[in-house]
Structure formats: structure tokens, C-alpha cells
Amino acid sequence: MELAGPGFFNLWLRADWLAGAAARALSSERLAVEPAAAPERVVIDYSSPNVAKEMHVGHLRSTVIGDALARTLEHRGHTVVRQNHVGDWGTPFGMLIEHLVDVGEATATEELGVGELGAFYKAARQKFDADEGFAARSRRRVVSLQGGDAETRRLWRVLVDVSARYFEAIYARLGVTLQRDDVAGESLYDPRLTPLAAELRASGAAIVTEGALCLFPQGFAGKDGAPLPLIVQKSDGGFGYATTDLAAIRYRVDELGATRLLYVVGAPQAQHLAMVFEAARELGWLRPPARAAHVAFGSVLGTDKRMFKTRSGDTVRLVDLIDEAEARARAVVDDKARDLSPEERAAVARAIGVGAIKYADLSSDRVKDYVFDLDRMLSFDGNTAPYLQYAHARLCSIFRKAEAEGAAAGAIAPASGEGAAKERALLLHLLGFGAVVAAVDETLEPHRLCTYLYELAGAFMGFYEACPVLKAEGDVRASRLAVCALTRRTLRQGLSLLGIEAPERMLYLFRITAGQAAGFTWVFTHSMIVASGVPGVKMPETPASRRRWKSSSGMMPPPNTFTSSAPFARSASTTAGKSVLCAPDMIERPTASTSSWTAAAAIISGVWCSPV
RNA sequence: GCGCCUGUAGCUCAGCUGGAUAGAGCAUCGGACUUCGAAUCCGACGGUCGCCCGUUCGAAUCGGGCCGGGCGCACCA
């Protein structure tokens, strides 16, 4: 340790201490994560879609962030109670039920079952606005729903059940842990609202103002500077969502026994929630150690920096988003992992596509808006899920190979030699895992974990570049394998806390032996190679790519050699008689000894390629 | 009008409970593959941290004031 100017001191860690700490982490089931000092019962309110209404990007953030927090806090040793505050009650159900009756249950169920929630809702809305008779029926229907009419209740239940199944299908695709049992919708609180209002009226806590029963939590002023009311009961006797939220706080504190209430809700709701929390505190319903926090998040923007919408201006359906991300990942996987079965390829594509969406949502400060850009989030470069997944898959590959060679991880020895600095940096970073998880627990900011994992992957790449693992021997190899093992587990565990899968294999490699194709010479083409004629593989055309092509081949590239999409191709090169490992799309252009591009492609995709 | 959030490299973002020369990725340019996964790595270029005051030994970070963007502000949830 040394002093280094005002306010600083430098300290050095002993290499053997570092190695020992890493070994302890590796031998622990929890890696370097300490459980919370004081585990709590935490309610997390997230996702909250509306019955008979489409899930859209707005629900994405709540669902993804909430689920990551649920997983992380659970891992920290807290007891997490998930609460899906589904919109399953209120005046819209009058028109929805009437519409259900009009269309017929069977048809409606089918329509809703396949996810046509948006159309169903819109149709009901339209009739309500246009048809006076329908509107009247709808209003009567609300009354009988509130009154507990059996048939109305049954129809309502149909809507709720069909929607719940649809939500569950989406959760399954997203890999979200929400279950049917976690649903605690607005209807749950309905029977409590009337007594709650009566209680507040009787105690004098709430005051009737302009016909509405209001609470006036401290510290909130409206436009004219007057105290801002929280309406407990509307002048028509009905209830708004403030009342439901108050009832929910009571339920969560008194019946669920929670001491920490988290609301994963968009930032625009900040004032409303602050008022509800303050009111609950003043009423003594939310009392220490119980406390509530608004886990606010910003909007999803399009690449034009405006609210993310479809070209026609509609909100984007969540399923469409997932479909597109998966399809694009699938195109790559189909091409890169041809030996995997269709099922396996689909699974990997799902992991990549869904992981990319979730990671993009989690990796930036949640309170800020973020730009939804599939190109960026599906990239294997940068702070993305595919990059982390790739690092993990690569580590898995090392262990597959190690096993085949009979190499095993052993004791972690203090690093020495050329790559020692890189190895130390990696170990030091690995030991920071617990601190980051604790920070997420405290700040409720999953992006801290994302940043950590990204840096971890980077530190690993640096280590891996500098320290040969399988090429090393004896104790050194065993030690480095142990370092890899810890890295792999930390990556996988970290991704898992975010709700992101980590496939063990992502691509399929061929060994190309040029010598097998007598008469050909491979041309070294740096990193810009073309796979002419091989389906699904294209390279972006840039001025640089044309220049490189020309400088390496001495010829101008043929027209349309480079096309505009498919970001994933890379190069491989060799000369006759040598071989190189590469993915099937890493194709060389042959020299003048081949006459036809198509022929070259055929050779590449067929004859020369043999699985490793 | 009041309140909340936000403004960091051309683009997308970290860093914000004060600490050393403000970091990544993309883009641009230049390097590194006859296989431990190049879907990678290394380097270069690129920033008045919106602006101005203040607190401090020290400010992207804390406080105040402006400017720009977003969102709320009583019976819709």
C-alpha cells in the first residue's frame, strides 16, 4: 500500500490471495455472491397487461425489468412475491362482455385465443362509440358485473381466462417467470373498495370535495397551487385506480407480509404513485420497515427518436417484435449451425432473439428512454446479448474440447508469465460479481449487472488472447481451465439473473482443407469475403470492401458481389494444401483457376466441408 | 404556471452516494487468422461532459440559475 497524493492510496493484492478468493468462489454454489444481510419479503408488481387488450412495447419494459429484478432479488436470498396487476376490471368490461355476446362465445374465444386481442378491443370500442344501444347495454352490463350477476360473471371469466392463456404464451416465449398464480388483478381488490372508502369517510381521513371523496397527501399541488387530491371515490360513487392501489398496498403489507413493495411502472406514473405512497404512509398503512419504491422506466423509441410505432402509427405488438427478432436470429443460426436439428436451431435462435430484446431493454439506465434498434441489439459486437452469449458458448467449447483431451480444471495458481496482468484483471473482475448483484438489489438497476457482464466478457477475451489454455500444459493448463470455469459460470449465472439464456453452442464449424480441391488457390481477402451462391450469406458492400477486394485479388470485384444485408459473415483463408477452421459462410473466392462463382460455392457448401 | 425525468464522441450508450489523463460499441482508418470458436482481438481518429455561477484541495458527478427535449398536474385506468 502507498499514499499517492491527496485522498489516494494505492494498494496491491497478493497474487495468492486473488487466486485463493477465486478458488473459493469457484467452489461455492453461489459463486462470489453473498446473500443479503437482512432478507426481506419483497412484492414486485410488474407486467400488468390488460385483459382483452394486446400486449405491446409498453408492457415489454415492465415485464422484462420486473422479471430480472425478481430473479436477482431471489438470488440474493429475498422472498419475492410476484404480483401481476392485470387490468381485469372496470367500465371497459361492459362493452367487452357485450361484444363477446354479440360475436358469440365460440368465435370470440377463438379470436382471442390466437392473439387477436387488439382487434377485439377495437371492435368493441367502435361499437360503443357509434351505437347508442350498444353503449346503453354496455353500461347496464357494468352494473350487473359489479352486482355479481352470475351469467355476467361467467362471461367475464371467459374473457379473463382466454387473455391469461395468451399472456402466458407470451411469457413462455420471453422466458419470463410469471405464472397464473401471480395474477392479482384489479378485480381482486374490488370487494375491498367500498369498505375502504367507508372507513376513510368515517375516520375523517378523507374529505368530500366537489362531490368526490378525496385524500390530500402532503406535498402535492395542482395547477392553481391548491392541494392535489387523490380521489378515493368518484362523485358518481365509482372507484378509480387510486383506490385500487391503496387497497393493494394494504393487501401487500398486511396479508402478504411484504416489507418492500416495488412497482415496475412507467415514469409518467411517478406523481400518481408518489401520492399513493404518501397517502398510505399518512394513513399508517405503509409503515416502517415496510416501504414502497417506484421502479420507473422510460419510453421505447424508434430509430427516429419518436415513440416506437408501426409505420401506420399503431402501437407495436409484442408478439410481432419477438417474431421478428427470432426470425432474424434464426436466419443466422440456420446458416451457421447447419448440423443442429431444426429444433435445436430454433432453440438457439430463440435464445439469441429474445435475449437480444431483453438485454437491450435492461442494459441502459432504465429511467431513460431507449432506442429500439434490432440491428444493434442483434449484433455480436458491443454491449449486446449475442456478444455475451457468444463468449459463453466459446467457453463451453473450450470445455468440450478439454474433456475430449482429458484435460481437467485444477487448482487456481497465482498467474505468472506474459499474460499474468490479463489473468489478474479477469480474476479481480470475477470477484466483483457479488458486489454488483448487491448493487442491483439496492438500486434496482439491472443495467449495472449488464455492464459488469460486458466488461467480464471483455476481460475474458483479453485473458484468452494472452493466455493459451488448452495449449498450455500441466498445472498451468489446469489453473487456466479453472479460471475459465469460473468465468463461464459467472457469465451464465449473470445472464440467468437477467432472464437471458446462455446456449452452449451457437455455431457449427467446418474444417476446410484446400488441398482437397486440387488446382485451387485460396486468396487471402482479409475480413471481407463473399459467399456467392450460398443462400443467406451476403456481405455489406462498402468502398473499403471493394478496395480490399481489389488489392488482394488484383481485380475489380464483379457486380453485386457485396450486398446489403447479413452482418455476420467473416473470412477465412488458406493456401493450397493447408486447412482452416471456419463457418460454412466463410467462403473464399477462387482465383482464375475457377471459372464460375457458382461452382466455387457448390464446392464450399459440399465437397470440402466436413464437420469437425 | 407548478412538479418530475432528461441533455456525455457523428450515432447508440456507460460513468453520476465527488477523486487521478471522462470510457465502450457502431461508424471511419490501420493492424492481427495454415484451426485452444476471427460472430473475435489490438491500435488510431474522435468529447467546451447543454450553458453560467457556486461549494470543494478536487465537480460529468453536489447546490442554484438559465437553455433545449420528454412527461405529469381532480373524478380514464
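Nothing here was measured: the structure is a model prediction, and the numbers come from that model. Just so it is clear, the values below take in all heavy atoms, side chains as well, and ignore hydrogens, waters and symmetry mates. Here is the naming used below: chain letters follow the sequence lines, and residue numbers restart at 1 for every chain.
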Quantified in whole Å, what is the C1' atom distance between nucleotide B/G68 and nucleotide B/G50?
-> 7 Å
Separation of the C1' atoms in B/A74 and B/U8, to the nearest angstrom | 40 Å
For A/Arg400, which contact category applies under a 4.0 Å heavy-atom criterion: base, sugar-phosphate, or nothing?
-> base
Parallel, tilted or perpendicular: ring planes of A/Phe463 versus A/Phe460, cut at 30 and 60 degrees = tilted
Show the numbers, then the answer: is there a side-chain contact (heavy atoms from CB on, under 4.5 Å) between A/Ile398 and A/Arg394?
-> CA-CA 6 Å; A/Ile398 294 172; A/Arg394 206 170 158 180; 5.6 Å; no
Which value, in whole Å, describes the distance between the P atoms of nucleotides B/A59 and B/A22?
-> 13 Å
Look at all strands and tell whether A/Gly240 reaches a base, only sugar-phosphate, or nothing, counting heavy atoms closer than 4.0 Å.
-> sugar-phosphate
Taking atom P in both B/C62 and B/C16, compute the distance separating them and give it to the nearest angstrom.
-> 10 Å
Ring centre gap for A/His429 and A/Tyr452 strictly below 6.0 Å | yes
Would you indicate which nucleotide in B/U6, B/G25, B/A77 comes nearest to any side-chain atom of A/Val367?
-> B/U6
Residue A/Tyr241, side-chain atoms from C-beta onward, closest of B/A77, B/U40, B/A14 | B/A77
From B/U40, B/C36, B/A77, nucleotide with atom closest to A/Lys401 side chain | B/C36
Determine whether any donor atom in the side chain of A/Tyr390 lies under 3.5 Å from an acceptor atom in the base of B/A39, or the reverse, and answer yes or no.
-> no
Integer angstrom distance from the P of B/C49 to that of B/C73 | 36 Å
Mind calculating the distance between CG (A/Leu301) and C1' (B/U6) to the nearest angstrom?
-> 12 Å
B/U40 - base-pair partner by Watson-Crick or wobble geometry, distances under 3.5 Å = B/A32
Starting at atom OH of A/Tyr359, determine the distance to atom P of B/A39, rounded to an integer number of angstrom.
-> 20 Å
Which part of the nucleic acid does A/Ser235 contact within heavy-atom distance under 4.0 Å: base, sugar-phosphate only, or nothing?
-> base
B/U55 pairs with, by Watson-Crick or G-U criteria that keep both distances under 3.5 Å | none
Is A/Arg488 close enough and on-axis enough to A/Phe399, meaning under 6.0 Å and within 45°, for cation-pi?
-> yes
Where the side chain of A/Thr209 is defined as all heavy atoms beyond and including C-beta, which of B/A74, B/U40, B/G72 is the nearest nucleotide?
-> B/A74
Any side-chain heavy atom of A/Tyr387 sitting closer than 4.5 Å to one from A/Leu453?
-> no
Can a side chain N or O of A/Arg394 be found less than 4.0 Å away from OP1 or OP2 on B/A38?
-> yes
Could you check whether A/Ala212 gets within reach of a base, just the sugar-phosphate, or nothing at all, counting any heavy atom under 4.0 Å?
-> base
Which is true for A/Gln233 with a 4.0 Å heavy-atom rule: it touches a base, it touches only sugar-phosphate, or it touches nothing?
-> nothing
Distance test, side-chain N/O of A/Lys368 to OP1/OP2 of B/A14, below 4.0 Å | yes
Scan every strand shown for a Watson-Crick or G-U wobble partner of B/C71, both distances under 3.5 Å, and answer none if you come up empty.
-> B/G3
How is A/Phe220 classified with respect to the nucleic acid when contacts are heavy atoms under 4.0 Å: base, sugar-phosphate, or nothing?
-> nothing
Starting at CG of A/Leu228 and ending at P of B/C73, how long is that distance when rounded to a whole Å?
-> 9 Å
Using a heavy-atom cut-off of under 4.0 Å over every strand shown, decide if A/Ala393 touches base, sugar-phosphate, or nothing.
-> base
Distance col, row A/Ile357:CD1 vs A/Leu378:CG, nearest 0.5 angstrom, shows 8.0 Å
Distance between P atoms of B/G46 and B/G72 (Å, rounded) = 42 Å
Is there a side-chain polar atom (N or O) of A/His447 under 4.0 Å from OP1 or OP2 of B/G15?
-> yes
Touch check for A/Pro468, heavy atoms < 4.0 angstrom, all strands: base, sugar-phosphate only, or nothing?
-> base
Pick the P atom in B/A14 and in B/U6, then give their distance to the nearest Å.
-> 11 Å
Taking CG from A/Leu449 and P from B/G15, how many angstroms apart are they, rounded to a whole number?
-> 13 Å
Between B/U40 and B/C45, how far is it from one P atom to the other, in whole Å?
-> 23 Å
Is there a Watson-Crick or G-U wobble partner for B/C26 with both distances under 3.5 Å, and if so, which one is it?
-> B/G10
Rounded distance (Å) that lies between atom C1' of B/A74 and atom CG of A/Leu213 = 13 Å
Take A/Phe239 and A/Gln233 through the side-chain contact (heavy atoms from CB on, under 4.5 Å) test and state the conclusion after the steps.
-> CA-CA 5 Å; A/Phe239 299 103; A/Gln233 190 162 24; 3.5 Å; yes
Check: A/Asp245/A/His272 side-chain N/O donor and acceptor closer than 3.5 Å | yes
Euclidean distance, atom CD1 of residue A/Ile352 to atom C1' of B/A39 [Å, nearest integer] | 9 Å
Please give, in whole Å, the distance from B/G7 P to A/Asp365 CG?
-> 8 Å
Would you indicate what A/Asp373 reaches in the nucleic acid, counting non-hydrogen atoms under 4.0 angstrom: base, sugar-phosphate, or nothing?
-> nothing
Reckon A/Ile231 touches a base, only the sugar-phosphate, or nothing at all at heavy-atom distances under 4.0 Å?
-> base
On RNA chain B, nearest-nucleotide positions of A/Ala270 versus A/Glu455: which is more 5'?
-> A/Ala270
Let me know the distance between CZ of A/Arg125 and C1' of B/C76, rounded to the nearest Å.
-> 9 Å
Out of B/A39, B/C13, B/A74, whichever nucleotide has its closest atom nearest the side chain of A/Pro229 = B/A74
Minimum-distance nucleotide to A/Pro268 side chain [options: B/U12, B/C71, B/U40] | B/C71
Name the nucleic acid region contacted by A/Phe239, choosing base, sugar-phosphate or nothing; use a 4.0 angstrom heavy-atom cut-off, strictly under.
-> sugar-phosphate
With a non-hydrogen cut-off below 4.0 angstrom, is A/Ser397 in contact with a base, only sugar-phosphate, or nothing?
-> base
Counting N and O atoms only, with roles assigned by atom type, does the side chain of A/Trp156 sit under 3.5 Å from a partner on the main chain of A/Asp88, one being a donor and the other an acceptor?
-> yes
For A/Glu210, answer base if it contacts any base atom (sugar-phosphate contacts may also be present), sugar-phosphate if it contacts only those atoms, and nothing otherwise; contact means non-hydrogen atoms under 4.0 Å.
-> base
